[in-house]
Amino acid sequence: MGNKVNTTKLKIRTGDLVKVIAGDSKGQQGKVLSVQTDKNRAIVEGINLVSKHTKPNAANPNGGIIKKEAALHISNLMLVDPKSGKATRVGRKLNADGKLVRVAKISGEEIK
C-alpha cells in the first residue's frame, strides 16, 4: 500500500547514443548499455568507470582490480541528435503510420 511505483516514461533507451551533460564525465559520449527504469539510471559504455576489487575466482584466477561502468542518473544524460551530432531534447510525435515515435527537438529527425 505504501510502495508507489514510478511510471514516468523515460526518453532514453538501450542502444541510444548519449552525451553526459553533468558530473565527472561531462562532455563524453557513449552508447547506453542498460537502463534501470525503477531507479531512473542508465549505464553508458566507457563512461563513469569505477575500480572494482575482485577476489580470485574460476573466471579470474588472480583476482585484482577491474574497471567497470557505474550507473549515471538519467538527468545527467542527453540524447545526441542523429542529424547534427549535438545534444538535444526529446519530443514525441505521431508518424505517418500513426505510431508514437521519439523525435529530436533540434532537427525534428525521428530517433530510431
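Just so you know, these numbers use all the heavy atoms, side chains as well, and skip hydrogens, waters and symmetry mates.
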Could you grab the distance from atom [atom1] of [X] to atom [atom2] of [Y], nearest 0.5 Å is fine?
{"X": "Asn62", "Y": "Thr54", "atom1": "CG", "atom2": "OG1", "answer": "9.5 Å"}
{"X": "Asn40", "Y": "Ile74", "atom1": "CG", "atom2": "CD1", "answer": "6.5 Å"}
{"X": "Ser34", "Y": "Glu45", "atom1": "OG", "atom2": "CD", "answer": "11.5 Å"}
{"X": "Ile66", "Y": "His53", "atom1": "CD1", "atom2": "NE2", "answer": "10.5 Å"}
{"X": "Lys9", "Y": "Leu100", "atom1": "NZ", "atom2": "CG", "answer": "7.5 Å"}
{"X": "Lys26", "Y": "Asn76", "atom1": "NZ", "atom2": "CG", "answer": "10.5 Å"}

If you take all heavy atoms of [X] and [Y], which pair is closest and at what distance?
{"X": "Lys31", "Y": "Gly15", "result": "CG-O, 3.7 Å"}
{"X": "Gly30", "Y": "Ile47", "result": "N-CD1, 3.9 Å"}
{"X": "Ser25", "Y": "Val20", "result": "O-CB, 3.5 Å"}
{"X": "Lys19", "Y": "Gly27", "result": "CE-O, 3.8 Å"}
{"X": "Val50", "Y": "Ala70", "result": "CG1-CB, 3.9 Å"}
{"X": "Pro56", "Y": "Pro61", "result": "CB-O, 3.1 Å"}

- Query: Between Asp81 and Ser107, is any side-chain donor less than 3.5 angstrom from a side-chain acceptor?
  - Reply: yes
- Note on the structure: Contacts of Val103 meeting side-chain contact (heavy atoms from CB on, under 4.5 Å) (sequence neighbours excluded), chain-then-number -> Lys93, Val101
For [X] and [Y], indicate whether the former's side chain and the latter's backbone hold a donor-acceptor pair under 3.5 Å.
{"X": "Ser51", "Y": "Lys67", "result": "no"}
{"X": "Arg92", "Y": "Arg102", "result": "no"}
{"X": "Gln36", "Y": "Arg41", "result": "no"}
{"X": "Asn95", "Y": "Lys99", "result": "yes"}

Are [X] and [Y] close enough that some pair of their side-chain heavy atoms sits under 4.5 Å apart?
{"X": "Val44", "Y": "Val18", "result": "yes"}
{"X": "Leu17", "Y": "Leu79", "result": "no"}
{"X": "Leu33", "Y": "Thr14", "result": "no"}

- Begin with the C-alpha distance, continue with both residues' side-chain angles, and end with the deciding distance and a verdict on salt bridge (Lys or Arg N to Asp or Glu O under 4.0 Å) for Asp16 and Lys112. CA-CA 8 Å; Asp16 286 346; Lys112 267 92 185 151; over 6 Å; no
- Atom CG of Asp24: over 12 foreign heavy atoms under 6.0 Å: no
- Using the rule that two of Ile, Leu, Val, Met, Phe, Trp, Tyr join whenever any of their side-chain heavy atoms come within less than 4.5 Å, decide whether Leu10 and Ile111 are in one cluster. yes
- Message: For residues Leu72 and Val80: do they belong to one hydrophobic cluster (side chain heavy atoms under 4.5 Å, members Ile, Leu, Val, Met, Phe, Trp, Tyr)?
- Response: no
- Query: Which ILVMFWY residues are connected to Ile21, directly or by a chain of links, through side-chain heavy atoms under 4.5 Å apart?
  - Reply: Met78
- Going through the checks in order, is the side chain to side chain contact (heavy atoms under 4.5 Å, CB included) test met by Lys105 and Val90? CA-CA 6 Å; Lys105 288 276 190 176; Val90 180; over 6 Å; no
